[in-house]
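A quick write-up on the structure given underneath.
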Amino acid sequence: MLLLLACRAAAASPEGIVIRFSHVVADDTPKGIAARAFKRIAESRSNGRIRVEVYPRSTLFDDNDEILALQMGAVEIVAPSLSKFGKIGFPSFELFDLPFLFRDTEEVHRIMRGPVGRQLLADLNRQQILGLGYLDNGFKQMSANRPLLRRSDYAGLRMRIQPSRIIAAQMIALGAQAVPLALSETRLALSTRVVDGTENPLSNFVTQGIHEVQSHLSLTQHGYLGYAVVTSQRFWQQLKPADRELLEGAMHEAIEIGNNVASAHERRALDVIHAWKETHVHRPSEAQRSELEAAMRPVYERAKTRIGARLLEQTLHELSEARLRRRP
């Protein structure tokens, strides 16, 4: 019903261009900051002729509905996590869910901005979705009501995840049960013990109040979480070429702003958690990280059939070449 109402509202919009940008995180996260930057830049450069309405924190649509809302014309821009594209027929995006694939954000950007990342966005055209770019959130950490530093620590835990078969396989490899839930439902599920733990970048951990219901945070840095900012082909094709150029430029700048604050937000979020004092922060040793990485290595075999052996091999080759060039 909400989708139908939103579609009718769009049809009744006054003259001018109204862009509804829906997302599921808080305003003060990297994605929230990028969305507000896009609004500011687009409205300023169009002298108010283009109006951008930003709907954060799942106030319009949650994780489970936002891509469908885009396809139905109920919103014009969404920025789902890369994991979300698997359930609509693009499992290759789950490449970015692989554990311990990337050492840092520079490596992530190398893949996103190279042939692999460009092809993934181009593939979205098959469902009339246009990729406008990639946006960082950061690397994920594990949390529960006990430290999660060794494989045995995960035994029997119900871990909230995004809907990704690669992430589910990762949790199973650790001996835990994977429970897909929308981000908006996660804090309540943790507080009521529907699930025992979760994985999230630090910005989400704090802005969603997860630190208030989890007594232990383990800085495993085991995987990356990012987004693809997308619009619908139908909406985009209705725009004049000059407006498309304006919006592309505004989005490019907004993504750069969001990406630039991502690392700063990680440090700030960690300061908040330390100040909270009720969440104990643990940093795995190199031996413990190696144990977790070894435990999750079988996930790569599953990935060959899920995302494609050729894509995985290409990505690993590009990362290997980049690491050789970065050696002193």
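What you see is a predicted model, and the numbers here were worked out from it, not measured in a lab. By convention here, the first residue in the shown sequence is residue 1.
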Backbone N/O of [Y] and side chain of [X]: donor-acceptor pair under 3.5 Å:
X      : Y      : result
Tyr300 : Pro99  : yes
Asn260 : Ile257 : no
Asn259 : Asp136 : yes
Asp62  : Ser58  : no
Gln141 : Thr220 : yes
Arg151 : Ala173 : yes
Arg51  : Ile17  : no
Glu185 : Leu181 : no
Glu253 : Ala37  : no
Ser191 : Leu188 : yes

Can you tell me how the ring of His211 sits relative to the ring of Trp276, calling it parallel under 30°, perpendicular over 60° and tilted otherwise?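 Rings of His211 and Trp276: perpendicular, as their planes differ by over 60°.
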Please work out whether the ring planes of His282 and His280 are parallel, tilted or perpendicular, with thresholds of 30° and 60°.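 Tilted: the ring planes of His282 and His280 meet at 30° to 60°.
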Could you tell me which residues satisfy side-chain hydrogen bond (donor to acceptor under 3.5 Å, both in side chains) with [X], sequence neighbours excluded, listed by chain and number?
X      : answer
Gln119 : Asp123
Gln128 : none
Lys39  : Glu43
Glu256 : none

Consider only side-chain N and O atoms of Asp28 and Thr207, and report whether a donor and an acceptor are under 3.5 Å apart.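 The answer is no; no qualifying pair exists.
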[X] bridged to [Y] by N-O distance under 4.0 Å:
X      : Y      : answer
Arg20  : Glu76  : yes
Glu301 : Lys304 : yes
Glu293 : Arg289 : no
Asp196 : Arg146 : no

Test item: [X] and [Y] side chains (from C-beta on) under 4.5 Å apart, heavy atoms:
X      : Y      : result
Ile111 : Tyr224 : no
Met171 : Val179 : no
His216 : Leu148 : no
Phe100 : Val299 : no
Thr105 : Ser263 : no
Val78  : Val230 : yes
Leu82  : Met112 : yes
Lys87  : Asn64  : yes

Please check if [X] and [Y] belong to a single hydrophobic cluster, counting links between Ile, Leu, Val, Met, Phe, Trp and Tyr side chain heavy atoms closer than 4.5 Å.
X      : Y      : result
Met159 : Ile210 : no
Ile129 : Leu120 : yes
Val229 : Val24  : yes
Ile255 : Ile33  : no
Leu149 : Val281 : no

Which atom pairs, donor and acceptor, lie under 3.5 Å between side-chain atoms of residues 309-321 and protein residues at least two apart or in another chain?
from	atom 1	to	atom 2	distance (Å)
Gln314	NE2	Glu318	OE2	3.4
Thr315	OG1	Leu311	O	2.9

Just grab all the side chain to side chain donor-acceptor pair (under 3.5 Å) pairs involving residues 159-173, residues at least two apart or on different chains.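 Matches after skipping sequence neighbours: Ser81-Gln162, Lys84-Gln162, Asp97-Ser164, Arg160-Thr186, Gln170-Glu199.
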Taking all heavy atoms of [X] and all of [Y], pick out the closest pair and write down the distance.
X      : Y      : value
Leu217 : Ser143 : CD1-CB, 4.3 Å
Ala42  : Leu247 : CB-CD2, 4.0 Å
Phe21  : Val52  : CB-CG1, 4.4 Å
Val108 : Phe139 : CG2-CZ, 4.1 Å

Out of Phe93, Tyr134, Tyr227, which one pairs with Phe85 under the ring pair (Phe, Tyr, Trp, His ring centres under 6.0 Å) rule?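 When ring pair (Phe, Tyr, Trp, His ring centres under 6.0 Å) is applied between Phe85 and each of Phe93, Tyr134, Tyr227, only Phe93 qualifies.
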